[in-house]
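Written below as structure tokens is the structure these notes are about.
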Amino acid sequence: VQLAESGGGLVQAGGSLRLSCAASGSIFSINAMGWYRQAPGKQRELVAGITWRGSTNYADSVKGRFTISRDNAKNTMYLQMNSLKPEDTAVYYCKAETGGTYYWGQGTQVTVSS
């Protein structure tokens with residue numbers, strides 16, 4: 001499984017961005033996917049996850065502001081981020097899980113200015 005993120009950038013506080021994660025390879029084996037982020041000096045943390053059946057979960061810090069979704073026809077997962085805050089600044093990573101094996105994308109930088 002190969003993952004490629006896109007859509008990061010610089011945005012002012014209160015603005016919006018949409019991240020994309022395109023999956024290729026053995027995508028039929030993917031059970032769940034998720035978005036993680038890592039800010040400088042901090043551990044990587046879960047932002048949002050989505051299962052193959054469409055169940056979703058979110059970190060408390062992004063509930064009501066971020067929405068995770070996927071388009072199976074395009075083999076792509078999205079993260080719609082609204083009402084962005086400076087504390088959302090981080091490198092955002094896409095992750096896929098296939099029966100206990102994990103795959104990561106290269107990450108995309110999101111910077112929110114105050």
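- Applying the side-chain hydrogen bond (donor to acceptor under 3.5 Å, both in side chains) test to Ser24 and every residue at least two apart in sequence or in another chain returns Gln2.
- Grouping Ile, Leu, Val, Met, Phe, Trp and Tyr by side-chain contacts under 4.5 Å, direct or through others, leaves Trp52 on its own.
- Taking Gln109 as the reference, Thr89, Val91, Thr111 meet the side-chain contact (heavy atoms from CB on, under 4.5 Å) condition, with sequence neighbours excluded.
- Within the model, atoms OG of Ser20 and CZ of Arg70 stand 15.0 Å from one another, a figure rounded to the nearest 0.5 Å.
- Of the possible donor and acceptor atoms, none in the side chain of Glu5 sits under 3.5 Å from a partner among the backbone N and O of Thr108.
- For Lys63, the salt bridge (charged side-chain N to carboxylate O under 4.0 Å, His left out) partners are Asp60, not counting sequence neighbours.
- In this structure, Met81 belongs to a hydrophobic cluster whose other members, linked by side-chain heavy atoms under 4.5 Å apart, are Val1, Leu3, Val11, Leu17, Leu19, Ile27, Ile30, Met33, Trp35, Val47, Ile50, Tyr58, Val62, Phe66, Ile68, Met77, Leu79, Leu84, Tyr92, Tyr103, Val110, Val112.
- Applying the side-chain contact (heavy atoms from CB on, under 4.5 Å) rule to Asn82 yields the partners Ser16, Gln80; only residues at least two apart in sequence or on another chain are considered.
- Residues passing the salt bridge (charged side-chain N to carboxylate O under 4.0 Å, His left out) test with Arg65, sequence neighbours excluded: Asp88.
- Among residues two or more places apart in sequence or in another chain, the salt bridge (charged side-chain N to carboxylate O under 4.0 Å, His left out) test is passed with Glu45 by Arg37.
- By the side-chain contact (heavy atoms from CB on, under 4.5 Å) test, Asn31 pairs with Glu97, sequence neighbours left out.
- When all heavy atoms of Ala13 and Pro86 are compared, the pair lying nearest together is CB-CD, 4.1 Å.
- Within the structure, disulfide (SG to SG under 2.5 Å) pairs that include any residue of residues 77-114 comprise Cys21-Cys94 (at least two apart or interchain).
- Other residues, nucleotides and ligands place more than 12 heavy atoms under 6.0 Å from the CD atom of Gln106.
- Between the side chain of Ser26 and the main chain of Ser29, no donor-acceptor pair closer than 3.5 Å is present.
- Residues satisfying the side-chain hydrogen bond (donor to acceptor under 3.5 Å, both in side chains) test with Tyr36, not counting sequence neighbours, are Lys95.
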